Amino acid sequence: MLDNLLILVQAPTITVDLVLNGILVGAIFALAAYGMALVWGVMNIINIAQGEFVMLGGYVAVIMSAHGVHPLLAVPVAAVLLFGLGWLLYRTVIFRIVERDLFTSILATFGISIVLQQLMNTVFGGDVQVAQAHLGTLLLMGGMVTLAQIKLLSFALAAVLAVVLVLFLRRSRLGQAIRATAQNARAARVLGIDTDRVYAATFGLNAALCGACGALVAMAYTVHPYIGLPYTIRSFMIVIVAGLGNLAGVIAAGLSLGAAENVAGFVLGTQYQLAFVFLLLVVVLVWRNWRLARKRQYLK
Amino acid sequence: MLHHRTLALAAVAALGLTTAPVFAQAGDTITLGAAVSLTGKYSTNGGHTQKGYDLAVKKINDAGGVKVGGKTYKIEVRYYDDESTPARGAELAERLIQQDGIKFLLGPYSSGMTKAIAPVTEQHKVPMVEANGASRSLFTNNYKYLFAILSTSEKYLASAVTLAAENAEALGKKPSEMKVALAFENDNFSQDVRAGVLEDLKKNNMKVVIDDELPRDLNDMSATLTKVKALKPDMLVVSGHSKGAATAIRQLDQMQIHVPILAMTHCDAAGIIKKFGKAASYTLCGTQWAPSLTYSDKLFGTAADFAKEFDKAYGYEPPYQAAESAAAVEVYANAFERAGSLDPQKVRDALASTDMMTFYGAIKFDDTGKNIAKPMALYQVLDGKYEVVAPSKFAQTKAVVPAPTD
């Protein structure tokens with residue numbers, strides 16, 4: 001561990017490489033996390049199947065690329081397909097739990113995540129899959145910093161999607177209805193908003209975001225039926241740090257988590273990369289609690 | 001439900017008591033027993049295993065059968081489907097021995113299943129020749145009736161280390177000056193492989209500069225590979241099932257990292273040539289067996305002959321799982337003839353002193369029952385094809401080490 005730190009000090013370019021690559025993957029985390037924040041904020045549901053939606057999006061890219069279609073086209077296709085799946089899941093499962101307490105929703109979405117995992121394992125087998133975008137690598141600082149073009153592209157796409165999402169929520173009727181429902185579902189209903197439809201659209205929108213993420217993951221990283229959980233955990237972590245309904249916060253938290261995680265993986269070893277995310281989560285929660293306690297004392 | 005099952009089992013057991021010796025060596029046939037995964041998660045490889053057994057049995061019978069003490073016997077195999085669950089496998093082994101009266105077992109598919117069955121065969125003193133359980137932990141229990149004809153998992157990449165040492169000069173170094181990076185998943189198989197690699201590194205005095213563990217849900221190992229970029233080891237060894245293989249090849253390419261010697265497991269399962277094309281070039285992959293090795297025996301001829309025959313019978317090129325399974329039956333036939341008797345104890349002793357050459361490689365067991373005569377083979381990806389490059393004595397192509405930079 002110490003020798004790894006020593007490398008970072010001796011070769012600062014390595015640090016630059018780690019941080020930049022971390023930020024690029026962080027954009028994907030941020031996108032999935034924003035979907036989670038949306039569902040959490042509007043419907044009060046914590047979606048444990050978040051990572052599985054990402055995984056499914058990845059398989060869309062894998063299938064398309066296996067049939068000779070360029071996997072970049074899979075980004076919109078995966079989004080549309082996953083929107084449909086999200087809608088369907090709402091109409092079959094989620095609508096039953098939307099008014100229930102948080103534990104019921106965690107249990108139900110956990111069930112969905114297991115079903116999706118095992119389904120993909122049965123259909124495609126447990127082996128790893130990839131989609132080839134056939135892009136090169138950008139070399140900086142004498143080759144010590146390497147940025148895969150597909151990672152840069154997915155960063156850009158994630159940014160575009162975030163902007164589109166903001167515009168959609170601000171400008172469109174449905175977007176406004178979603179925001180109104182998030183603020184006060186009952187009042188929204190009184191004003192004639194079909195909240196059931198809003199919930200279905202929100203859940204579908206989240207799945208679509210994850211699907212787009214997944215297609216990017218399949219091109220830049222690898223996909224197998226069990227990659228879901230780490231993405232769910234990261235989304236959860238990011239939302240906890242940034243809070244609900246705070247897109248800027250989610251993006252900042254996502255990018256920094258990506259960078260911090262990559263550096264931690266370097267220093268502690270790849271096996272502790274995810275453990276580091278958990279540790280960070282605990283630290284953030286404890287710190288939050290401590291701050292709140294101080295505020296309460298002050299109010300007394 | 002449970003109740004019904006118990007009743008059914010009791011009924012079967014009662015029947016078994018009265019009809020027990022029917023399958024055992026009835027007439028002039030030796031019946032081998034096997035619980036093989038025909039359904040469940042191992043069904044594909046279970047199928048390869050069964051086909052390997054069947055082909056060898058057919059070949060031996062066509063050649064006249066087995067001569068035991070002046071009498072000629074045909075061989076047959078009695079199969080049960082273990083549904084890829086260890087508990088079911090153990091249950092079926094018990095059934096084969098207790099009810100069907102079978103005295104000789106062939107192994108199931110996978111280390112996990114073999115681990116479940118071995119205590120049963122041991123308890124009943126019934127020999128089991130297995131071809132698909134490579135875990136090191138199978139050979140640390142002092143089993144006396146377990147014989148494994150495949151190379152155990154700690155040998156998977158040992159030949160890669162040997163190859164690296166042989167080619168150290170080409171890198172302008174002594175073997176003891178070579179730096180090695182290791183990235184292994186923290187599951188039993190990969191850790192077995194790691195233990196074997198570490199042992200061989202020590203023998204050659206090579207220095208380990210990176211020793212990372214990979215998580216089970218791996219899809220990004222850039223942190224480890226950044227270390228590789230910084231420390232420039234002469235050799236990188238990766239074992240993390242197919243996801244480890246695919247992730248390593250993809251990210252080494254993305255990060256433009258050149259490693260003179262890259263060795264890994266599960267290349268073919270990950271389909272690295274098909275997925276990554278040129279990026280997979282010069283990768284070394286451990287394999288139990290390959291059709292192009294020049295091993296041969298009297299029954300099947302060369303490894304290539306076996307492959308041809310298998311392809312004719314089943315319509316696809318045999319994976320090593322099928323080859324080693326066929327060889328397991330050959331080992332039994334050989335032991336029966338040398339024992340000159342069908343007494344399990346005598347056959348067991350004959351098995352223990354096996355020393356033969358097969359199309360699958362040499363077979364000779366040590367005290368723990370593992371085959372110590374056959375080295376692992378190594379493929380190298382050359383011109384978009386897997387070419388066998390080690391062990392050098394039986395390979396047809398020379399390894400390209402170090403991998404050229406381009």
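Just so you know, these numbers come straight off a predicted model, no measurement behind them. Chain identifiers are assigned alphabetically (A, B, ...) following the order of the sequence lines, protein sequences preceding nucleic acid strands; residue numbering begins at 1 within each chain.
Neither side chain, B/Y320 nor B/D268, offers a donor N or O lying under 3.5 Å from an acceptor on the other.
Below 4.5 Å, heavy atoms of chain A meet heavy atoms from B/T226, B/K227, B/K229, B/A230, B/L231, all part of residues 225-238 of chain B. Within residues 48-66 of chain A, no residue has a heavy atom under 4.5 Å from a heavy atom of chain B. Of residues 209-228 of chain A, those residues lying under 4.5 Å from chain B by any heavy-atom pair are A/V217, A/A218, A/M219, A/A220, A/Y221, A/T222, A/H224, A/Y226, A/I227.
A/Q149 does not touch chain B: none of its heavy atoms, backbone or side chain, sits under 4.5 Å away. Neither the backbone nor the side chain of A/N21 has a heavy atom closer than 4.5 Å to any heavy atom of chain B. Within the 4.5 angstrom heavy-atom criterion, only backbone atoms of B/D253 (N, CA, C, O) approach chain A. Within the 4.5 angstrom heavy-atom criterion, no atom of A/L268 approaches chain B. Contacts between A/N4 and chain B at a heavy-atom distance below 4.5 Å involve the side chain alone, from C-beta outward. Neither the backbone nor the side chain of A/A264 comes within contact range of chain B, judged by heavy atoms closer than 4.5 Å. Only the side chain of B/Q251 comes within contact range of chain A, judged by heavy atoms closer than 4.5 Å.
In terms of heavy-atom pairs under 4.5 Å with chain A, the best-connected choice from B/T224, B/N219, B/L218 is B/N219. Of all the listed residues (A/I14, A/V130, A/L229, A/T13), the one sharing the greatest number of non-hydrogen pairs under 4.5 Å with chain B is A/V130.
In this structure the side chain of A/L152 never reaches within 4.5 angstrom of the side chain of A/L135, judged on heavy atoms.
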(request) Carefully, step by step, assess B/H48 and B/Y314 under the rule ring pair (Phe, Tyr, Trp, His ring centres under 6.0 Å). (result) CA-CA 10 Å; B/H48 299 327; B/Y314 301 109; 9.7 Å; no

(request) Using the side chain to side chain contact (heavy atoms under 4.5 Å, CB included) rule, take B/Q321 and B/Q288 through it: C-alpha gap first, then chi angles, then the decisive distance, then the call. (result) CA-CA 8 Å; B/Q321 288 88 347; B/Q288 290 281 356; over 6 Å; no

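The shortest heavy-atom contact between B/S84 and B/Y42 is OG-N, 3.0 Å.
Side chain of A/S154 to main chain of A/I150: a donor-acceptor pair is present (N/O by atom type, distance under 3.5 Å, no hydrogens or angles). Looking at B/N132, its side chain never comes within 3.5 Å of a backbone N or O of B/Y109 through a donor-acceptor pair. In this structure, the side chain of A/T137 engages the main chain of B/Q254 through a donor-acceptor pair within 3.5 Å. Between the side chain of B/S190 and the main chain of B/F184, no donor-acceptor pair closer than 3.5 Å is present. B/E185 places no side-chain N or O within 3.5 Å of a backbone atom of B/L214 that could act as its donor or acceptor partner. B/D220 contributes a side-chain N or O that, together with a main-chain N or O of B/S222, makes up a donor-acceptor pair within less than 3.5 Å. Judged purely by atom type and a 3.5 angstrom limit, A/T109 uses its side chain to pair as donor or acceptor with the backbone of A/I106. In this structure, B/H266 contributes its side chain and B/S239 its backbone to no donor-acceptor pair below 3.5 Å.
Looking at residues two or more places apart in sequence or on another chain, you find no salt bridge (Lys or Arg N to Asp or Glu O under 4.0 Å) involving B/R250.
Between A/F276 and A/Y272, the distance separating the two ring centers is not shorter than 6.0 angstrom.
Checking each of B/D82, B/T44, B/D81 against B/S37 for a side-chain hydrogen bond (donor to acceptor under 3.5 Å, both in side chains) leaves exactly one that passes, namely B/D82.
Atom CE of B/M376 and atom SG of B/C285 lie 10.5 Å apart (nearest 0.5 Å).
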